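Reviewing the structure listed below.
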Amino acid sequence: MSVSEVISVHILTMGCAKNEVDSDNMRARLSAAGYRMVEEPEEAQAVIVNTCSFIQSATEESLQAIFEMAGLPGMETGDVKLIVAGCMPARYGDDLASELNEASAFVPCSKEDDIVAILDALFPHRSMLEEIASAPEVLSAYVKISDGCNRFCSYCSIPYIRGRYHSFPFDRIDADVAAQIARGAREIVLIAQDTGRWGDDFEEPSTLALLMSTLAQKYPKTWFRVMYLQPEGITDELLGVMQSHENICSYLDIPFQHANERILSRMNRKGSAAEYLKLIAHIREMVPGITLRTTFIAGFPGETEDDFQELCDFVEDIDFDYVGVFPYSLEEGTRAATFDDQIDDDVKIERAQAVRDIADAISRERVAARVGSQLDVLVLGSEEDGQLFGRAKCQAPDVDGVVYVHQGEIGDIVSVTINDTLMYEMEGE
Ligand code: SF4
């Protein structure tokens, strides 16, 4: 291996003895690959927090450790990388990636054996070119555009943990995007707790639409995608930009969370089913063929059978392409945790499953309806048997499935005709 630099790594282990074993395994693999293990996190260029999330308090301890590590010198600038491994990425998956923007990589327990490839991808100057090419995550990268949140949804602790909303300056975002493209990224996913507000806190206010169109013009061969747009962040300017730039994915992820006006108000969120229906009709009119994803919380305190039925009707009415549903989870320290009309756990789980069943049936149909259509697919990797797979613009990383393709090189964007689907997965020729 042509190692141009020895990278120092510190592993912080939370939780049980099993985690210690897993950390030892990662240490051995990294040492064998030429990484230098260090005792002190301050000496490291990469800090791995091997998390535990067995119970709520363990999750909180792990989060605290992550935030402590995120405060180390060099983290803010990206010179030092934070990697979150273990139970939390395994348990919370993509949701964790959306909330913990400081982390450069998430390594669930099942992927810990790949720790060398993951770190090689984060330090590309260290690795052999072919190793970078074989690391699919390099081809699609998240770039954080702001931090914090001012919305104070009554169930959410993020504003208390991450502080008030602050947009990152364009130059910082541009530098991050350029660095990811230099590493091989063909798709940039812009993320934040509340992406739609980007720029409204600048002395000279700007907009997400302007940010996206500027990036899309500057990097015409790169796909741009934005996630986590609150309903209020959707403007005609943004929809216009989405419609007019080939390399901005016509994809919106709008966390509606509920449809009943009273429950939304108790969530400290604005809107109602009628308003949301109107908004979605407008989006579809302005950007025909747009892919829509959302998330809902079922079993929020005080949710009656009628409120829940309104949510189910809303899901049926909208025909979302993809839906994430979560039973309400009580988070200590939030206003909703103090509500005295909490719903029984079994009911919450049942309701979440019922919404998921409705949404899945619709998603299946919408994915199946793509048979015969032509899609550009970014080839991301291959299965053990050599079967290539990638993602189309209508599929966000990790949550919306993949397209299996028969020709192309990893990193290519190929045009395919969809000839079969299975749940969320598609196959193209
Ligand atoms: S759930 Fe609400 S408060 Fe929490 S990060 Fe999202 S918008 Fe902000």
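Small disclaimer: the values here were computed from a predicted structure and weren't measured. Counting starts at 1 for both ligands and their atoms, in listed order. Excluded from the calculations below are hydrogen atoms, water molecules and symmetry mates; all remaining heavy atoms, backbone and side chain alike, are included.
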side-chain hydrogen bond (donor to acceptor under 3.5 Å, both in side chains) pairs touching residues 239-250, sequence neighbours excluded, are Q217-H245
> Would you call the rings of H166 and F168 parallel, tilted or perpendicular if under 30° counts as parallel and over 60° as perpendicular?
Replying inline: tilted
**Q.** Geometric class of the F256/F296 ring pair [parallel <30°, tilted 30-60°, perpendicular >60°]
**A.** parallel
Cation-pi check for Y251 against R293: NZ or CZ below 6.0 Å from the six-membered ring centre and within 45 degrees of the axis, yes or no?
no
Nearest non-hydrogen protein atom to atom 6 (Fe) of ligand 1, with distance, is Q230 NE2, 3.9 Å
The number of protein N, O or S atoms lying under 2.8 Å from atom 4 (Fe) of ligand 1 is 1
*How about Y219 and W223: are their ring centres within less than 6.0 Å of each other?*
no
So CD1 of I173 and CG of L215: to nearest 0.5 Å the spacing works out to 7.5 Å
